[in-house]
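Bear in mind the structure is a predicted one, so any value in this text is a computation, not a measurement. One-based numbering, in listed order, for ligands and for the atoms of each.
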Amino acid sequence: MEENKDKTQESEKDFEGNYIEKFQEQKEEEFYPGGIISWKQKKGRVKIYAQHSTLELSIISEKILKFRYANDGYFEDDFSYAIDPEFESGNTHYHFETTEEALIIKTDLLQCAIKKSDATIKILDNNGKILIEDEKGYHWKDERRFGGHVVISTLKSSKTNKYYGLGDKTGSLNLNGTRRELWGTDCYGYGNETDPVYKNIPFFMGLNDGEGYGIFLDNSFRTFFDFGQERKEALSFWAQGGEMRYYFIYGPKLENVVQDYTELTGRSPLPPKWALGYHQSKWSYYPEKTVRELAKNFRDKKIPCDVIHLDIDYMDGYRIFTWNNERFPNPKQMIADLKEDGFKTIVIVDPGIKIDPLYTVFQQGVHHNYFCQRMDGARFKGSVWPGPCHFPDFTNPAARKWWSGLFGGLIQDGVAGVWNDMNEPAVFEEGTFPRDVRHDYDGHPCSHRKGHNVYGMQMARATYEGLEQFSGNNRSFTITRSAYAGIQRFSSVWTGDNLASWEHLKIANIQCQRLSASGVSFAGSDVGGFIGAPDGELYTRWIQMATFHPFFRTHSSGDHGDKEPWQFEEKYLNIVRKFIEMRYEIMPYLYTTYWQYSEYAKPMLRAISLAYQHDKETLDREEEFLLGQHILICPVSAPKVNQRMMYLPEGEWYNFWTDELLSGKREINVETPLEQIPMFIKAGAILTMQDKMQYVDEFVPENIKLHVYKALGETESELYEDDGLSKDFELGISTLHTFTQKPVDNGIVILHTIDTEYDAGYTGFEVCLHGFEDPYKVIVDGNTINIDQTSTFIVGKEFTAIEIVKQ
Ligand code: GLC
């Protein structure tokens, strides 16, 4: 009795989440489409009229099908913030037929059968293997409080299926057995059980008996995903409003599913190369003297660093787009001096605009009606850092344009990138906006119930567009805490306010891998933890891991002591320095990996379960990951360990530290002295590296290093180059090297082709051989060179073939 009472009270308090629970408990009436009455075949799509619902099935490609359901005889405007406006669905050829039981739609790779008796769906591959199959299928309930429907899809599932994706979720990588919710939340000090968290990416992948597919539920209302938690034989996803609109994406390789999903929701533009360098942040570095000292310390102590972040205290009373003149009397000069020394400055912006009649940004927002309003027209007022604030409606294109235009001053001051925070949106006390707050939603007016999950993304977009507007030919860099599907077109992300604990090092690793599997490769965590004070060992291990995460920044709340590398004992500092240096040494490889993500939509981080899905042993492993094509990392995620077990996937691998060659598809025990992170290089790799630098492009190295890991089969490696800063590469001013390594009779040969329009300035390649034991000779373009049996030699950068053969 007591318990029931509590539950009711709770659901009164938070009807959004618990309403559904109540709904189910009370067995609210469920409605189903019913039998199929008729259908219409159109170009690229089929419309199917069932008794109570209409299904529009679009054939986006031979691998992608889009499903939309209308209950009351009409569809909503098919508007989406997620789909890249540049995505064009090809005019895919499909075959349509009917049998006694079903309507069948066939592409070259898929077959979709829609049962005539109840409109349920089954999708099969070419061999007749079922990929997904409706259980209850599509159904809905009346949404009593707000009108509309709660739209639900229930598919068959099993305990053995694996589910991956959903953005920045914590918990195990495989989502099976869990229920997750998407409702962007400022979750300061979150833990492994916290849900929802900051980002809203309603895309997941299923792996069912070796075959992978993805489902992207493009609906920005609060959504839920039940992966067999309620009933292990069922997978359900639902939204508290709007249409059931989802995309089915076939693999069968999970990697290709991510790629196709990223094509659909857009690719990430190539960032300035410095954004891949090391970032230092704290809440907050001020005044100017502190920032200058910070920069000086990095250079004096020879710890590479590219970026310094200024958190909220640079502003005048937290008024966005202002400077605190006492703390920063001449920001332009300071930023210019930092730039001289190789540092780029990033500043934070929050959506809350201080209610202050003398503040121009406030005045403009009121005058033009850019702020969010409550149902009856009053502007929404919520308190954040500056006290009571109004909040721009970033779903209003005019408000976005205005916001973008406000960056002119900061860019003129020399600011190089912008950090978007508190954009879930977060409000002290209430958590977020009341549900009746109105949004324009680009001409599709709605309440916050629909606008909430896209708010942060639209803020990041407006910021990105502002940088684009003022940065001339320079590339833009932004980072955001909240996001919706497609965020990768505008911004990088970080995983918010984590803790300085070993568990959080692990969580950060899973979050970054998961984000990468959700189309958002450019992700990182607050290294060392935002809250709390890591000891030297934890900080060192976190730095080692984050060296191989795409976004690499130390950030902390500052409440628990300082977290600059030199705050730790010398023995830790020395290792931390080595790893930050290593980040710069692998920059040619890292930058190429980014380019591959931007160009081919290849995820930069790949969990081994994603990369080796056919090997069951990998499926529940969640720490080992690949960065790009060749590097395998397994972080050390516990204190005081000198060795750890990890899984080495199939193939042959070189231990980076010892050059020992190991055969994979087995668990191994690796030595983990504090100076090393388990790191393996795939046999056949040509790992491109360079001299260490204090910041990106500090100097042009004499040579680029080609670390050749002897191949056992034919392999290909790429090296992409451009100026790292401007958009000239869009005009083709870039160079792509392709290296093919092939075993031949008595050794190997490396073939090199160059597609060159950009001269990176270095003179040649320093070739470093790994795994070549027998005495060998080296022939470069037909000429034997004298190598004195060292494993390193120089070749011109235009070489076409190197043979390394037995003497
Ligand atoms: C939020 C951010 C954090 C930032 C702080 C102050 O907690 O997540 O990164 O330092 O606000 O701006």
Side-chain angles (χ1 to χ4, degrees), residues 167-168 170 184-191 194 196-200 279-286 290-291 294 307-324 327-328 345-354 382-387 389 391 410 415 417-429 431-432 455-457 459-460 463 478-483 487 491-500 504 507-508 511-512 515 523-534 542 546 551-564:
D168 58 348
T170 58
T185 302
D186 175 10
C187 47
Y188 176 86
Y190 62 91
T194 309
V197 283
Y198 300 99
K199 300 176 187 61
N200 317 298
H279 300 231
Q280 182 69 37
S281 182
K282 185 174 97 167
W283 177 17
S284 301
Y285 289 122
Y286 73 89
T290 306
V291 178
L294 175 79
V307 191
I308 292 177
H309 289 239
L310 300 183
D311 205 327
I312 48 176
D313 299 290
Y314 76 89
M315 292 181 261
D316 170 19
Y318 307 123
R319 289 171 188 82
I320 315 297
F321 306 108
T322 66
W323 288 94
N324 179 316
R327 293 172 182 166
F328 295 96
T345 306
I346 286 186
V347 296
I348 197 169
V349 297
D350 288 350
I353 300 297
K354 188 176 175 70
S383 280
V384 272
W385 309 119
C389 285
F391 297 80
L410 289 174
V415 162
V418 178
W419 171 15
N420 299 269
D421 190 21
M422 303 288 276
N423 54 354
E424 291 66 36
V427 177
F428 296 162
E429 305 279 322
T432 190
Y455 187 86
M457 174 200 198
M459 176 188 175
T463 300
T478 56
I479 177 159
T480 178
R481 195 171 71 174
S482 192
I487 187 65
S491 189
S492 64
V493 302
W494 93 106
T495 60
D497 300 344
N498 57 359
L499 299 171
H504 266 271
I507 294 177
Q511 287 181 304
C512 290
L515 279 159
S525 60
D526 284 354
V527 172
F530 178 72
I531 304 159
W542 208 318
F551 178 66
F552 187 17
R553 178 183 76 164
T554 294
H555 177 53
S556 69
S557 73
D559 292 346
H560 308 93
D562 293 327
K563 248 171 257 175
E564 297 76 39

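Contacts with ligand 1 closer than 4.0 Å are made by no heavy atom of Y198, backbone or side chain. No part of Y188 comes within 4.0 Å of ligand 1, judged by heavy-atom distances.
Shown in contact with R481 at under 4.0 Å from a heavy atom are these atoms of ligand 1, numbered in order with element: 1 (C), 2 (C), 7 (O), 8 (O). Heavy-atom proximity to H555, at under 4.0 Å, picks out these atoms of ligand 1: 3 (C), 4 (C), 9 (O), 10 (O). Close approach of ligand 1 to I348 is summarised as follows: ligand atoms under 4.0 Å from at least one heavy atom of the residue are 12 (O). Against a heavy-atom cut-off of under 4.0 Å, W419 is close to the following atoms of ligand 1: 9 (O). In the vicinity of I312, heavy-atom distances shorter than 4.0 Å reach the ligand 1 atoms 6 (C), 12 (O). Set against the non-hydrogen atoms of W494, the atoms of ligand 1 under 4.0 Å away are 8 (O), 9 (O).
Although no hydrogens or angles enter the test, the distance criterion places no donor-acceptor pair under 3.5 Å between the side chain of S284 and the main chain of Y286.
Between T495 and L515 the shortest side-chain heavy-atom distance falls below 4.5 Å. Side-chain contact between I353 and F391: absent, with no pair of heavy atoms (C-beta onward) separated by less than 4.5 Å.
Looking at ligand 1, you won't find any N or O of W283 less than 3.5 Å from one of its N or O atoms. When only interatomic distances are considered, the shortest N/O to N/O separation between D421 and ligand 1 falls below 3.5 Å. Looking at ligand 1, you won't find any N or O of R553 less than 3.5 Å from one of its N or O atoms.
For W419 and W283, the ring centers are positioned 6.0 Å apart or more. Between H309 and H279, the distance from one ring center to the other falls under 6.0 angstrom. The aromatic ring centroids of Y314 and W323 lie less than 6.0 Å from each other.
The nearest heavy-atom contact from the protein to atom 3 (C) of ligand 1 is D497 OD1, 3.5 Å. Of the protein's non-hydrogen atoms, the one nearest atom 12 (O) of ligand 1 is D311 OD1, 2.6 Å.
Side-chain contact, N498 with S525: no donor N or O sits under 3.5 Å from an acceptor N or O.
Between Y190 and H504, the ring planes are perpendicular. Angles over 60° get that label, and only those under 30° would be called parallel.
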Residues R553, D526; criterion salt bridge (Lys or Arg N to Asp or Glu O under 4.0 Å); working and verdict
CA-CA 6 Å; R553 178 183 76 164; D526 284 354; 3.1 Å; yes
